[in-house]
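Right, one structure below, let's go through it.
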Amino acid sequence: MTPRSEALAYRIWAEAKPIGWDCSVTDLAEALDETPQRIGMICRAKGWSDRFRVNPSNTDVRAHRPYHADELMPEVGDRVVRGEMMQ
C-alpha cells in the first residue's frame, strides 16, 4: 500500500478501534470525509472487512436494532406492525 493508503488505514483504525468496530463502512466514510469505496478498499487490504457491522436496509431498520435490557422482547405469537406491538 502507498503511504497515503497506510495513513488512511491508521485513521480508520483510530476511529473504529475505540468503539469496538461497532460502525459501518459508510459511518467511517462520513466521519473521515472519504468515499465508502476507498474505506472498503483499505479495509479489504488490511483484512478488516469482517469487523464492521452491516448497514441495515432502510425498510428493515427496526429488525436489525438490538434489544436492550430495559426493553421487552415480543412474546411468541405477538406480531409487530409498523413498529407497534399487536397482540
Side-chain angles (χ1 to χ4, degrees):
M1 287 189 352
T2 66
R4 182 173 178 238
S5 294
E6 286 290 350
L8 179 55
Y10 175 77
R11 290 175 56 216
I12 292 167
W13 176 85
E15 186 78 22
K17 175 78 169 143
I19 58 172
W21 296 84
D22 185 23
C23 57
S24 67
V25 170
T26 304
D27 294 336
L28 276 178
E30 290 174 6
L32 299 175
D33 197 28
E34 292 285 345
T35 65
Q37 294 79 12
R38 183 149 165 73
I39 299 294
M41 180 187 73
I42 300 293
C43 291
R44 281 188 299 280
K46 289 291 192 179
W48 298 338
S49 296
D50 62 340
R51 297 183 181 192
F52 296 98
R53 75 174 144 76
V54 177
N55 275 343
S57 67
N58 290 337
T59 58
D60 202 22
V61 170
R62 292 181 63 85
H64 293 282
R65 186 175 56 87
Y67 285 98
H68 297 282
D70 60 343
E71 294 179 332
L72 296 175
M73 293 284 291
E75 297 291 327
V76 174
D78 290 347
R79 59 189 181 134
V80 177
V81 178
R82 292 188 199 153
E84 298 174 12
M85 288 285 296
M86 304 297 290
Q87 301 259 352

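Trp48 has its ring centre less than 6.0 Å from the ring centre of Trp21.
In plain terms, the two heavy atoms of Ile42 and Ser5 that are nearest each other are CD1-CB, 3.6 Å. Nearest heavy-atom pair across Val25 and Pro36 is CG1-O, 3.4 Å.
With rounding to the nearest 0.5 Å, the separation of CZ in Arg51 from CD1 in Ile12 is 11.5 Å. Of the inter-residue distances, the one linking Leu32 atom CG with Asp27 atom CG reads 10.5 Å to the nearest 0.5 angstrom. Atom CG of Leu8 is separated from atom CD of Glu34 by 5.0 Å, given to the nearest 0.5 angstrom.
Within 6.0 Å of atom CG in Asp50, more than 12 heavy atoms from other residues, nucleotides or ligands are found, so the atom counts as buried in its surroundings.
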